[in-house]
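When reading the values below, keep in mind they use all heavy atoms of this one structure, side chains included, and skip hydrogens, waters and symmetry mates. We name chains A, B, ... by the order of the sequence lines, and we start the count at 1 in each one.
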Protein chains: 2
Amino acid sequence: MDQLNEPTGKTHATRALIELRKKILDGELAGGTRLFEVPLAEELAISRTPVREAMSRLAEEGLLDRVRSGGFVVRTFGFADVIDAIELRGVLEGTAARLAAERGVSAEQIATMREIVHKLDACFGEVPGDVDFETYSELNESFHHELAGLAGSEVIRREVARVSRLPFASPSAFSPDLGDIAAFRRSLNLAHEQHRAIVAAIAAREGSRAEALAREHARAARRNLEHVLREDRSLIDQLPGLALVVD
Amino acid sequence: MDQLNEPTGKTHATRALIELRKKILDGELAGGTRLFEVPLAEELAISRTPVREAMSRLAEEGLLDRVRSGGFVVRTFGFADVIDAIELRGVLEGTAARLAAERGVSAEQIATMREIVHKLDACFGEVPGDVDFETYSELNESFHHELAGLAGSEVIRREVARVSRLPFASPSAFSPDLGDIAAFRRSLNLAHEQHRAIVAAIAAREGSRAEALAREHARAARRNLEHVLREDRSLIDQLPGLALVVD
DNA sequence: ACCCGAACTGGTGTATACAATCGCCTCAAA
DNA sequence: TTTGAGGCGATTGTATACACCAGTTCGGGT
């Protein structure tokens, strides 16, 4: 599921996939829009075959729905769906954390997690709000990536990855572009404390605690989303994958 | 996601989809087997195009994996994966139940659930083990179907449906074919008590309890699986979708 | 006015020829 | 022995023509 070959577009189908995905995420193709093969093929200057291939993959990603009579429509996402997708990620990461704790993880795995946490520590400077945002964002992604696989279950890892593929539900949804906002920088301290606690709970085989912490950790994304909605809706367009959301 | 047009096969692609799915679930195509378009097309007496379409859909279902260099392989499922898929269904149904309780459901929805529970009651006769298995199985499916949508979240409903599509993880995995075994028939009393309790918890807006009950309810499937593995492995071939599992 | 069916339109479904690519094998040179 | 270039066969990628299906419209008979 993570081997969706996209070296920035080798085949026509891959390029079509990337272009279409971009248009959907940018909101250029509104939810509910039916995608017709012929016009799309003309627009992309390719034949219908790779267009179909691309649409099929987008259906796998959950950005398109197949319609009964054939063809595809752009899936509609409202803010409620974004909230639910974030909740779902929390639930699944929570399950990954719980199972990791219950089933036990190797010393190497714990060491890996602790190293990531340690490197994340180093992102924070003396004064609150002084954060190496770029590095934090990368390490945060590593943390969540590792966590998904920590239970040693391919089934779980795959489903966590799947829901995280929706850009607005991904663990790094609010990371890369909100570095300017002081409030977000400061909230990172709390989030990172949760990173530390999750690892500790897993190491101590406290499954229920690990699960609860991972769920609460995902709530940070929801709080950020709600902040954006309440305080500064102009940020919506800057956040990747939030442009397609309608309400 | 539930509109996978399969009126038993109108188009070649649909027939190919059904045939391939059957072969995978029956274990005729072992996990790891690479599926080549040309031989498959010849075998099914159709062209490559609908074969690709069918494989693409099977990838969406999670029965095939795409490989980097193009093409598909049959996904491998071990018993550990079955366990995890059942666990995952429990987690997701638990989330559906919790959110339904937390967010509240309409009187009509509760009435619908209670009606299903009531009809399920009627499946049980005077003596333990006297069960209308056929009807129970159908109603059980309705119960789980309704539960998935009870939170009013399309995102949740869709993901519950998705994991339930793997036949060995579905709520009715052990229903239709185990009616003979007395032990299973008796265990149904317990399972049905859980149905009743889940509805009661949701109605009382006891989210945590509803979640825990739904999770535990899914464990019944796991117990049945483990029973089959321990006591009577010959049943494996009779259970739908368990033939593909290797360990 | 009403019905019914033929033709048309707009879309996907399918077959097929050909192009591009990947993996592997060979063979030669370091 | 290793390594790298080259070629070759197997397999997927792509274009395109045509088939087919479902609405829809239009016409004619009643």
Side-chain angles (χ1 to χ4, degrees), chain A residues 1-24 29-61 63-75, chain B residues 1-24 29-61 63-75:
Chain A
M1 207 60 173
D2 47 5
Q3 58 213 7
L4 308 162
N5 38 328
E6 324 182 7
T8 324
K10 243 179 335 198
T11 66
H12 287 172
T14 310
R15 281 193 290 274
L17 171 66
I18 293 171
E19 289 230 3
L20 283 177
R21 187 195 289 131
K22 180 177 180 335
K23 285 193 182 182
I24 295 169
L29 291 168
T33 305
R34 170 121 186 227
L35 296 184
F36 297 111
E37 296 176 5
V38 177
L40 270 180
E42 282 171 6
E43 192 183 326
L44 299 169
I46 57 180
S47 78
R48 284 172 54 208
T49 314
V51 172
R52 293 184 75 144
E53 173 71 15
M55 293 198 295
S56 176
R57 289 181 183 225
L58 286 170
E60 274 181 62
E61 283 184 34
L63 292 179
L64 297 183
D65 282 334
R66 291 182 190 270
V67 300
R68 245 187 241 297
S69 50
F72 299 83
V73 297
V74 179
R75 186 168 162 198
Chain B
M1 207 60 172
D2 46 4
Q3 58 215 11
L4 308 162
N5 38 326
E6 323 182 7
T8 324
K10 223 168 10 183
T11 67
H12 288 173
T14 309
R15 281 192 290 273
L17 171 66
I18 293 171
E19 288 231 2
L20 283 177
R21 188 195 288 131
K22 179 175 180 337
K23 286 193 181 181
I24 294 169
L29 292 168
T33 304
R34 174 135 183 209
L35 296 184
F36 297 111
E37 295 175 4
V38 177
L40 271 180
E42 283 171 5
E43 192 183 326
L44 299 169
I46 56 179
S47 78
R48 285 172 53 208
T49 313
V51 172
R52 295 184 74 147
E53 173 71 16
M55 293 197 295
S56 180
R57 288 181 184 226
L58 286 170
E60 280 179 55
E61 282 184 35
L63 291 179
L64 297 183
D65 282 334
R66 292 181 189 269
V67 300
R68 221 196 347 269
S69 51
F72 299 83
V73 297
V74 179
R75 185 168 163 196

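Heavy atoms of A/Leu35 sit under 4.0 angstrom from primed sugar atoms or phosphate atoms, though from no base atom.
Note: CD (B/Glu37) to P (C/dT14) measures 15 Å, nearest angstrom. B/Glu53 has its CD atom 16 Å from the C1' atom of D/dT12, to the nearest Å. If you take CZ of B/Arg15 and P of D/dC20, they are 13 Å apart, rounded to a whole angstrom. Rounded to an integer number of Å, the gap from B/Arg66 CZ to D/dT11 P is 19 Å. Across the protein-nucleic acid pair, A/Arg68 atom CZ and C/dG13 atom P stand 15 Å apart, rounded to whole Å. When the P atom of D/dG13 is taken as reference, atom CZ of B/Phe36 falls 13 Å away, rounded to whole Å. Atom CE in A/Met55 sits about 9 Å away from atom C1' in C/dT12, given to the nearest Å.
Note that NZ of A/Lys22 is 11.5 Å distant from CG of A/Leu20, once rounded to the nearest 0.5 Å. Within the model, atoms CD1 of A/Ile24 and CG of A/Leu35 stand 6.0 Å from one another, a figure rounded to the nearest 0.5 Å. Between the CZ atom of A/Arg34 and the CG atom of A/Asp65 there is a distance of 12.5 Å, given to the nearest 0.5 Å.
Between B/Arg52 and D/dG13, a side-chain N or O to OP1/OP2 separation shorter than 4.0 Å is present. When the side-chain nitrogen and oxygen atoms of B/Thr49 are compared with OP1 and OP2 of C/dT14, none of them lie within a distance under 4.0 Å. Residue B/His12 has no polar side-chain atom (N or O) positioned under 4.0 Å from OP1 or OP2 of D/dC20. Close to C/dT14, at under 4.0 Å from its OP1 or OP2, lies no side-chain N or O of B/Ser47. The phosphate of D/dT12 (OP1 or OP2) has a side-chain N or O of B/Arg34 nearer than 4.0 angstrom. The phosphate of C/dG13 has neither OP1 nor OP2 within less than 4.0 Å of any side-chain N or O from B/Lys10.
In this structure, the nucleotide among D/dT14, C/dA15, C/dG13 sitting nearest to the side chain of B/Ile46 is C/dA15.
Considering all non-hydrogen atoms of both residues, A/Ala16 and A/Ile46 come closest at CB-CD1, 3.9 Å.
For C/dG11, its base never sits under 3.5 Å from the side chain of A/Arg48 at any donor and acceptor pair.
Note on B/Glu53 versus B/Arg57: salt bridge recorded, some NZ/NE/NH1/NH2 to OD/OE distance being below 4.0 Å.
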